[in-house]
Amino acid sequence: MSSRLPAQGPAASDPVRRLSRRRLLRHTMATAGALLAAGPLSGCASPASASGASSLSVWDLFQGGDGMLMDEMIEAVSKGARGAEGFEVDRTILDWGPSYYTKLAMSAAGGRASDVAAMHLSRLAGYAPGGLVDPFDLELLAEFGVSAEDFTPAVWSRTQHEGTVYAIPLDVHPFIVFYDRKAAEKAGLLTPSGELAPMGSPEALLEAGKALAEATGEAGILFGHVTDTAQNWRLFAGLYAQTGAEFGLPDGGPPKIDVDAAVRVVTLMTQLFDGKTNPNNLDYNGALAAFTNGRGGMAMLGEWELPTLRKSGLDLGAAPFPQVFDRPAVYTDSHSFVLPHQDDPDPARRREAHRYVAQILKQSLTWAAAGHIPAYQPVLAEPEYAGLQPQSSYAEAAEVAVLDPPNWFAGAGSNFQNRMCQPLQSALLGDTTAEKAVRQMIREADTLLRQPNPVA
């Protein structure tokens with residue numbers, strides 16, 4: 001684990017203290033415009049009703065199954081779980097995607113910010129530099145039993161801007177592989193203990209696809225990417241990180257991308273999804289439906305599809321994305337908690353916000369039911385988590401998590417991901433070469449880097 005960071009109170013090294021309200025508002029309006037250009041994500045529910053003026057105000061973007069689990073966690077801490085004092089919580093659920101992040105930015109500038117809000121960790125670089133979120137006080141969190149050592153270094157390192165912590169991770173939600181255990185066993189891909197065997201090379205992954213196709217009599221590995229705004233990037237980014245090459249997006253450009261490594265990755269993607277052994281022309285829902293209906297032995301998906309896949313009746317297995325290049329790496333993101341900026345936060349409420357975050361983290365065994373890996377490591381050590389299958393079989397993905405490069409225009413649901421996906425889609429469909437696709441990705445990244453950072 002990472003070493004303990006020095007204490008950071010709300011006023012310590014806080015960029016907001018150096019910004020006037022007018023300047024902050026100007027930055028926020030610019031950010032809102034940039035966020036509105038981001039690609040679409042899944043929808044969320046309508047806002048919940050307020051529970052009272054004195055309640056702790058919480059914004060999040062969780063609906064459906066995730067929303068019900070969060071309700072359960074909030075109910076537990078509100079009643080005073082594990083002997084702790086309870087809370088009165090005013091939870092507001094907003095549509096997530098560009099609208100959520102725009103409202104979050106505007107609330108910070110307009111003096112209407114909630115006490116706590118959820119944010120994808122990959123989006124932090126668009127908020128912390130401009131003072132749109134306030135730092136956490138690590139000494140205060142430690143009072144409530146949460147410290148830096150409770151998180152994997154791979155995730156904790158992304159909670160900071162200029163050495164100050166602005167986000168506390170709730171989970172890690174990686175891009176992994178699900179597989180039909182019966183097909184995988186028939187294909188000879190399981191260890192004696194029944195887990196997916198390591199692969200270790202691109203050739204082994206290609207052979208696994210062929211073996212699964214033979215075992216199922218249909219497709220080997222399923223991957224839905226056509227017209228999707230993120231899937232191709234998730235697959236590419238995880239494999240590229242495995243090469244050990246840097247994918248850097250320094251402000252002002254040019255992008256730092258290893259062309260040879262990128263071409264290796266895209267070439268493997270085109271070889272894997274050749275349109276014969278493994279389909280190359282599926283959209284997201286088509287791939288999901290094919291897997292749940294037994295028309296493929298493995299599917300490359302986010303762990304968030306676990307509740308849907310459970311309903312399929314498959315003998316379902318799951319594993320971190322296989323290492324096939326030089327080092328283990330799994331593309332992921334993290335739902336995290338932030339403190340939206342307040343000009344003059346009430347110390348008592350800010351203390352309660354820290355206590356709330358700590359108590360919710362301690363309830364994240366409930367959150368794991370949806371497939372998410374709890375970021376708070378003590379939960380992973382509980383016997384109950386080891387009994388969760390297949391969740392516990394891919395928990396190690398958090399140790400080698402790789403997020404989007406930190407830049408204001410990158411992250412979950414961003415236009416950056418969409419623009420990376422388009423040339424990759426062309427390559428998988430056979431409309432362009434791996435080399436040309438990579439060159440186009442570099443041009444797209446360079447164009448974005450030449451745009452002024454609205455919160456610089």
Side-chain angles (χ1 to χ4, degrees), residues 152-154 172 174-216 219-223 225 231-247 258-274 276-280 291 296-303 315-332 373 389-403 424 427-428 434 438:
T152 67
V172 179
F175 186 71
I176 64 171
V177 292
F178 290 99
Y179 55 92
D180 182 332
R181 287 188 178 277
K182 293 179 181 178
E185 182 177 21
K186 187 175 180 181
L189 299 179
L190 300 185
T191 66
S193 62
E195 300 299 319
L196 189 67
M199 294 187 185
S201 70
E203 293 75 21
L205 180 59
L206 294 173
E207 288 302 315
K210 293 176 182 177
L212 286 167
E214 185 176 344
T216 63
I221 300 174
L222 298 166
F223 173 63
H225 70 99
Q231 279 286 90
N232 279 315
W233 169 249
R234 291 169 181 148
L235 178 57
F236 171 87
L239 287 170
Y240 182 87
Q242 290 186 6
T243 70
E246 179 186 8
F247 195 110
D258 186 321
V259 174
D260 291 339
V263 170
R264 283 178 68 198
V265 169
V266 180
T267 298
L268 173 60
M269 290 170 63
T270 60
Q271 291 171 338
L272 184 62
F273 300 105
D274 57 1
K276 299 174 184 178
T277 302
N278 309 309
N280 67 345
F291 184 62
M298 179 180 288
M300 295 178 172
L301 294 163
E303 51 73 25
D315 186 1
L316 188 66
F321 198 93
Q323 178 188 347
V324 298
F325 287 117
D326 302 327
R327 68 179 191 183
V330 178
Y331 179 79
T332 190
I373 304 170
Q389 292 295 333
Q391 291 95 315
S392 59
S393 64
Y394 56 80
E396 65 189 56
E399 302 284 345
V400 291
V402 175
L403 283 72
L424 290 169
L428 286 186
V438 169

* Asked: When rounded to the nearest 0.5 angstrom, what is the spacing between CZ in F321 and CG in L239?
  -> 4.5 Å

* Side chain T277, main chain G209, donor-acceptor under 3.5 Å -> no

* Please check if the side chain of D315 supplies one atom and the backbone of K182 the other of a donor-acceptor pair under 3.5 Å. => no

* Asked: Hey, does the side chain of Q242 reach the backbone of P322 with a donor-acceptor pair shorter than 3.5 angstrom?
  -> yes

* Structure fact -> Nearest heavy-atom contact between P320 and V177 is O-CG2, 4.0 Å

* Which value, rounded to the nearest 0.5 Å, describes the distance between I373 atom CD1 and T152 atom OG1? -> 9.0 Å

* Answer yes or no: is there a donor N or O on one side and an acceptor on the other, between the side chain of R181 and the main chain of G194, under 3.5 Å? => yes

* **Separation between CZ of R234 and OG1 of T332, rounded to the nearest 0.5 Å** => 10.0 Å

* To the nearest 0.5 Å, tell me how far Y179 OH sits from F291 CZ. => 10.0 Å

* Does any N or O in the side chain of H225 come within less than 3.5 Å of the main-chain N or O of N280, such that one atom is a donor and the other an acceptor? -> yes

* Taking the side chain from E203 and the backbone from L205, do they hold a donor-acceptor pair closer than 3.5 Å? -> no

* **Shortest non-hydrogen contact between G297 and A183, atoms and distance** => CA-CB, 4.2 Å

* To do: State whether the side chain of D258 and the backbone N or O of A262 hold a donor-acceptor pair below 3.5 Å, judged by distance alone.
  => no

* Point-to-point distance, once rounded to the nearest 0.5 Å, from CG of N278 to CG of L272 -> 5.0 Å

* Straight-line distance of L235 CG to L301 CG, nearest 0.5 Å -> 11.0 Å

* Polar side-chain atom of Y394 near backbone of F178 as donor-acceptor pair, under 3.5 Å -> no

* Locate the shortest heavy-atom distance separating N232 from L424; write the atom from each residue and the value. => O-CD1, 3.6 Å

* F175 and V330: which non-hydrogen atoms are nearest, and at how many Å? -> O-CG1, 3.4 Å

* Structure fact -> Scanning both residues in full, the closest heavy-atom pair of F325 with P202 reads CE2-CG, 3.6 Å

* Asked: Any donor and acceptor pair, going by atom type alone, linking the side chain of T243 with main-chain N or O of Y240 inside 3.5 Å?
  -> yes

* If you draw a 6.0 Å radius around CD in E195, do more than 12 non-hydrogen atoms from other residues or ligands fall strictly inside? -> yes

* Asked: Is a salt bridge present between E207 and K210, judged by a nitrogen-to-oxygen distance below 4.0 Å?
  -> yes

* What do you reckon, is CD of Q271 surrounded by more than 12 foreign heavy atoms closer than 6.0 Å? -> yes

* Do side-chain atoms of S393 reach the backbone of A318 as a donor and acceptor pair under 3.5 angstrom? -> yes

* Structure fact -> Heavy-atom nearest pair, A197 first then T191, reads CA-CG2, 3.7 Å

* Quick one: do V265 and M269 satisfy side-chain contact (heavy atoms from CB on, under 4.5 Å)? Show the steps, please. => CA-CA 6 Å; V265 169; M269 290 170 63; 4.0 Å; yes

